[in-house]
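Working notes, structure below.
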Amino acid sequence: MAKKPSRRQRPPRAAAFAVALALMALSFALGWFFGVRSTQFHGKILLVNDSHRLASDYVPEGLVNLYQQRHSFRLAGSEITLTRETYEAMEQMFHAAEEADMNGYIVTSGYRSYQRQTEVYAQSEPGKAQQPGASEHQTGLAFDVTVETNDGFESTPQYAWLAQHAHEYGFIQRYPANKSDITGISYEPWHYRYVGVDAATRMWQSGQTLEEFLGEK
Ligand SMILES: [Zn+2]
C-alpha cells in the first residue's frame with residue numbers, strides 16, 4: 001500500500017501556484033493562437049459572388065458601428081458598420097498608414113443588408129451593382145475607401161500604400177483591374193475584403209483572386 005506523502009514531500013505551495021499560472025498562460029496562448037489561425041483555413045473564408053450568394057436573412061455576428069469606435073480614418077457617414085474583427089484589423093492598418101504620413105482615407109461603405117442591397121440594385125444601372133445576396137458588403141467583412149481627389153483613387157499615394165501594405169493587416173483588394181473575367185466584377189480599386197493575414201499575404205504574393213485562392217476558378 002502506498003504511503004501518503006508527507007507534507008515535506010509535496011511541492012512547496014508557491015511552486016504549485018507558479019505551475020498553475022504557467023499552465024493557464026499556456027492554454028490562453030494556445031487558444032489565442034488557434035483562434036486567430038482558424039480564420040485562415042480555406043473552408044472558413046467566406047466566398048460571396050454571383051454563384052455563391054448569401055441567404056436573405058444572413059446577418060454577420062458582432063457588427064460594430066465605426067463612428068463609435070476609435071478610428072484613424074474619416075467616415076462618410078455615422079451609420080457604417082463592420083464585424084469587430086474587420087474593424088480592429090482596419091483600424092490597425094489605417095493607424096499604421098497615419099504613422100507613415102499617409103492620411104485622408106475616407107471609408108464610404110461597410111456592411112450592407114440584403115434588403116439595402118435590393119434597393120441599391122433596383123436603383124443602379126444594369127451591371128453596376130451586385131444582385132441581392134451576391135454583394136460582399138453583406139458579409140460585414142468588406143469596406144470601400146477613397147480620398148478627396150479629382151483623379152480617381154487608384155492614382156493616389158494612399159492607394160499605392162494600401163496596395164503595398166493591406167495584406168499585412170489581412171486585407172485583399174478584391175476586384176483587381178485584370179481579373180474581372182474571374183471575379184465577375186470590373187476593377188474596384190476602393191473595395192477591400194478581410195480574409196486574415198495568412199491568406200491575404202499568400203494572395204498578395206501569388207496575385208490570385210479569392211476565387212482562384214479557394215479553387216473556385
Ligand atoms: Zn464595395
Side-chain angles (χ1 to χ4, degrees), residues 39-60 63 76 80-83 85-86 89-90 93 105-147 151-156 158-160 162-167 169-217:
T39 61
Q40 297 165 2
F41 294 133
H42 275 202
K44 301 233 173 164
I45 296 179
L46 197 51
L47 178 64
V48 175
N49 58 27
D50 212 40
S51 47
H52 296 79
R53 298 195 187 183
L54 293 169
S56 58
D57 61 355
Y58 180 85
V59 178
L63 289 171
I80 301 172
T81 59
L82 285 172
T83 71
E85 192 182 2
T86 309
M90 89 193 279
M93 178 170 75
Y105 291 100
I106 307 165
V107 172
T108 58
S109 186
Y111 166 68
R112 207 180 289 148
S113 70
Y114 186 96
Q115 286 68 28
R116 178 73 193 119
Q117 187 66 26
T118 305
E119 294 165 16
V120 168
Y121 183 73
Q123 290 160 6
S124 300
E125 290 172 45
K128 289 280 179 194
Q130 289 295 96
Q131 290 201 25
S135 170
E136 261 206 338
H137 285 282
Q138 196 185 335
T139 66
L141 304 169
F143 67 88
D144 297 334
V145 64
T146 190
V147 292
D151 302 328
F153 183 52
E154 66 277 17
S155 55
T156 63
Q158 288 92 338
Y159 170 80
L162 281 184
Q164 283 306 307
H165 297 287
H167 68 279
Y169 303 89
F171 290 94
I172 54 167
Q173 194 191 320
R174 181 68 177 88
Y175 307 117
N178 54 347
K179 296 278 189 170
S180 55
D181 55 327
I182 291 166
T183 62
I185 310 281
S186 53
Y187 184 37
E188 290 198 357
W190 56 83
H191 181 106
Y192 286 82
R193 160 68 195 275
Y194 185 67
V195 292
V197 173
D198 181 56
T201 302
R202 283 155 61 194
M203 279 183 256
W204 184 78
Q205 285 166 345
S206 67
Q208 286 182 311
T209 62
L210 188 56
E211 281 81 3
E212 293 167 297
F213 182 75
L214 297 175
E216 292 290 337
K217 286 272 170 145

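Along the sequence shown, residues carry numbers from 1.
When all heavy atoms of Leu63 and Val59 are compared, the closest pair comes out as CD1-CG1, 4.3 Å. What you find for Gln115 and Ser56 is that their closest heavy atoms are NE2-O, 4.0 Å. A pairwise comparison of heavy atoms in Gln117 and Ala129 identifies NE2-CB, 4.4 Å as the closest pair. Here the shortest heavy-atom pairing between Glu154 and Pro189 reads OE1-CG, 3.6 Å. Taking both residues in full, the closest heavy atoms of Thr108 and Val145 are given as OG1-N, 4.3 Å, listed atom of the first, atom of the second, then distance. Minimum heavy-atom separation, Leu162 to Phe153: CD1-CZ, 4.0 Å.
Taking Glu119 as the reference, Arg116 meet the salt bridge (charged side-chain N to carboxylate O under 4.0 Å, His left out) condition, with sequence neighbours excluded. By the ring pair (Phe, Tyr, Trp, His ring centres under 6.0 Å) test, Phe171 is found to be paired with Phe143, Tyr194, residues two or more places apart in sequence or in another chain being considered. Take Arg174 and apply the side chain to side chain donor-acceptor pair (under 3.5 Å) test, not counting sequence neighbours, and it matches Glu136, Glu211. For Tyr169, there are no ring pair (Phe, Tyr, Trp, His ring centres under 6.0 Å) partners two or more places apart in sequence or in a different chain. Residues meeting the salt bridge (charged side-chain N to carboxylate O under 4.0 Å, His left out) test with Arg53, sequence neighbours left out: Asp50. Scored by the side chain to side chain donor-acceptor pair (under 3.5 Å) test, His137 finds Asp144, His191 as partners (sequence neighbours excluded). In this structure, the side chain to side chain donor-acceptor pair (under 3.5 Å) partners of Tyr187, at least two apart in sequence or on a different chain, are Tyr159. The side chain to side chain contact (heavy atoms under 4.5 Å, CB included) search around Ser155 returns Asp151, not counting sequence neighbours. With sequence neighbours left out, the side chain to side chain contact (heavy atoms under 4.5 Å, CB included) criterion links Thr139 to Leu46, Val48, Leu54, Leu141. Residues that satisfy the side chain to side chain donor-acceptor pair (under 3.5 Å) test with His52, not counting sequence neighbours, are Asn49, Glu216. Looking at residues two or more places apart in sequence or on another chain, you find a ring pair (Phe, Tyr, Trp, His ring centres under 6.0 Å) between Trp204 and His167. Take Pro132 and apply the side chain to side chain contact (heavy atoms under 4.5 Å, CB included) test, not counting sequence neighbours, and it matches Tyr114, Thr118, Tyr121.
Atom CZ of Arg193 sits about 8.0 Å away from atom CE of Met203, to the nearest 0.5 Å. Within the model, atoms OG1 of Thr209 and CD1 of Ile172 stand 8.0 Å from one another, a figure rounded to the nearest 0.5 Å. Rounded to the nearest 0.5 Å, atoms CG (Leu214) and CD1 (Ile45) are 5.5 Å apart. We find the OG-OH distance between Ser180 and Tyr175 to be 12.0 Å, quoted to the nearest 0.5 Å. Between the OG1 atom of Thr81 and the CZ atom of Arg112 there is a distance of 11.0 Å, given to the nearest 0.5 Å. Distance check, rounded to the nearest 0.5 Å: CH2 of Trp190 to OG of Ser109 gives 11.5 Å.
Taking the side chain as every heavy atom from C-beta outward, Thr201 and Gln205 approach each other to under 4.5 Å.
With Gln208 contributing its side chain and Arg202 its backbone, the two residues share no donor-acceptor pair below 3.5 Å. Between the side chain of Tyr105 and the main chain of Gln158, a donor-acceptor pair closer than 3.5 Å is present.
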